[in-house]
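Have a look at the structure below before the remarks.
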Protein chains: 2
Amino acid sequence: MLISKSCVYGLRASLFLASKKNGEYISIRDMSEKLGISFHFLTKILQQLTAYGLMESYKGPNGGVRLSKPAGDIKFIEIVVAIDGDDLLNECVLNLPGCGSDTPCPLHESWSKTRESIKAMLENTSLEYLAKEGKNKNLRLSEVGNFDWE
Amino acid sequence: MLISKSCVYGLRASLFLASKKNGEYISIRDMSEKLGISFHFLTKILQQLTAYGLMESYKGPNGGVRLSKPAGDIKFIEIVVAIDGDDLLNECVLNLPGCGSDTPCPLHESWSKTRESIKAMLENTSLEYLAKEGKNKNLRLSEVGNFDWE
DNA sequence: TGTATTTAAGACAAAAGAGTCTTAAATATT
DNA sequence: AATATTTAAGACTCTTTTGTCTTAAATACA
Ligand code: FES
Ligand code: FES
C-alpha cells in the first residue's frame, strides 16, 4: 500500500470533517460508526493529527474534533506527511539510503519522475475539493455501500 | 514504502543477475555478500521467484540461480507482481474494496491516473536496460558505497 | 455537586513483515 | 563411497503495524 492503514483512516476522517460546517465539532464515535473504523483506533490516529496541529479537539458533551484550518487550505499531502512521514516523497525505490542524483541507483531517474507525479497529486488536492466532489457526486468514503454525506 | 523490502531484495538480486552472462548460475551466497542482504532471507525470496518461474536454480557445487529468460524480456513489473502481488496496480488509495469507476472514492480519478504512471514506469523498464545503465554509469545497487558490477 | 459524555493516554494483544537458524536434498569432485 | 558445496524447506524469533481495552481528565448540564 502506498499509504498506511492508519493514514488512510486519518484521511477518510479528514474528508468527513471537511464536508461539515466549518468550526463544528464532530464526535469521533460518530465518525467511527459512519466510516466503519474502530472507534479506539480512530481516536488514536486523530490524536496524532491534533498533536500535529491539523485538528482541534474538545472534550465533554457535544465535544469532538474539527479541522484547525478551512478545508480549502489543507492539502492532502499534509495529512499523509503528518501520519506516514515524508519517506514516500524522498526515499529510494530500492530502499537504498540517501536517494539523490549524486548517488543514484539504476532506477533513480525514472522513479524520481514518478515520485514527482505522486507528490504533485497529493499537493494539488485540497480536502475541500475532495469533500465537495464526494458530496456532489455521492462518492463513497466507507467500505459498506451505503455511506451518506448528509 | 511503495515496494516491500522482500521485493526490493528480489529486484536488486534480479538486476545483479541481469548484469551477468546469460545462462550462468550465480550463487546466492555471493549475491548476498555483494548486495549486503542476509543470505538466508535472500534465499527465501529467490525461492519464491524460482517457484514463480522467473528464475531457475541448480544445487550443488558451482550451483546457484539464474534468470529463466533473457534479461531484456523481463520487465520490472514482473518481479514486483511475483513478490508483492498486483495490489499496487489495482487497489483503491483509500483502501476501499473494489476500486473502479462504478464505485469510485473521491480520490479515484486522480489516483487512477497516478497509478497508471507508476504502472507504465514498471512496465516499460526491462532488467537488461537497468543493468546496462547501472554497469555503464557505475550506479549503486547496495547500501555500502563500494558496490562493483565487475 | 453529581452524573453523563467525550477526548487523552497508555497498557495490552493480535497479525503481518522481516530476519535467523537448522536440517534435508541434490550435485560435483575426489 | 565419502565429502564438500549449494539450494529447499520449514521452524522459529524479532519488530512493526494494527487493533482492543481500561482508566483518567475535561466539560456540560441537571
Ligand atoms: S537512489 Fe534509488 S530512487 Fe533515488
Ligand atoms: S475507488 Fe478509491 S482509488 Fe479507486
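Just so it is clear, the structure is predicted and the values come from calculations on it, not from any experiment. Just so we're on the same page: letters track the sequence lines, and every chain starts at 1.
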Using a cut-off of strictly less than 4.0 Å between a heavy atom of the residue and any atom of DNA chain C, enumerate the qualifying residues of residues 38-52 of chain B by number.
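Nucleic-acid contacts, sorted: B:S38, B:H40, B:F41, B:K44.
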Can you find a side chain N or O atom of [X] that sits less than 4.0 Å from OP1 or OP2 on [N]?
X: A:S57; N: C:dA8; value: yes
X: A:Y9; N: D:dG19; value: yes
X: A:K5; N: D:dG19; value: yes
X: A:S27; N: C:dT5; value: no

Hey, are [X] and [Y] close enough for a salt bridge, meaning a charged N less than 4.0 Å from a carboxylate O?
X: A:E78; Y: A:K69; value: yes
X: A:K137; Y: A:E133; value: yes
X: A:E56; Y: A:R66; value: yes

Rounded off to whole Å, could you give me the [atom1]-to-[atom2] distance for the [X] and [N] pair?
X: B:D30; N: D:dT6; atom1: CG; atom2: P; value: 8 Å
X: A:Y25; N: C:dA8; atom1: OH; atom2: P; value: 10 Å
X: A:E56; N: D:dT27; atom1: CD; atom2: C1'; value: 17 Å

Letter by letter from the 5' end, nucleotides 25-30 of chain C scores (B base, S sugar-phosphate only, - none; protein heavy atoms under 4.0 Å) -BBS--
For this session: Indicate the atoms forming the closest heavy-atom contact of B:S4 with B:I83, along with that distance.
Result: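 Scanning both residues, the minimum pair turns out to be OG-CG2, 4.5 Å.
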### Query
Can you tell if the side chain of A:K5 reaches within under 4.5 Å of the side chain of A:M1, non-hydrogen atoms only?
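Yes, their side chains come closer than 4.5 Å.
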**Study point:** Nearest-nucleotide comparison on DNA chain D, the residue closer to the 5′ end among B:V65 and A:S6
**Key:**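 On the 5' side of the pair lies B:V65.
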* Take atom NZ of B:K132 as the centre, draw a 6.0 Å sphere, and report whether it contains more than 12 heavy atoms from other residues, nucleotides or ligands. =>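 Incorrect, the count does not exceed 12.
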Neighbour count >12 (heavy atoms, 6.0 Å) for atom OH, A:Y25 |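 It does: A:Y25 OH has more than 12 such atoms within range.
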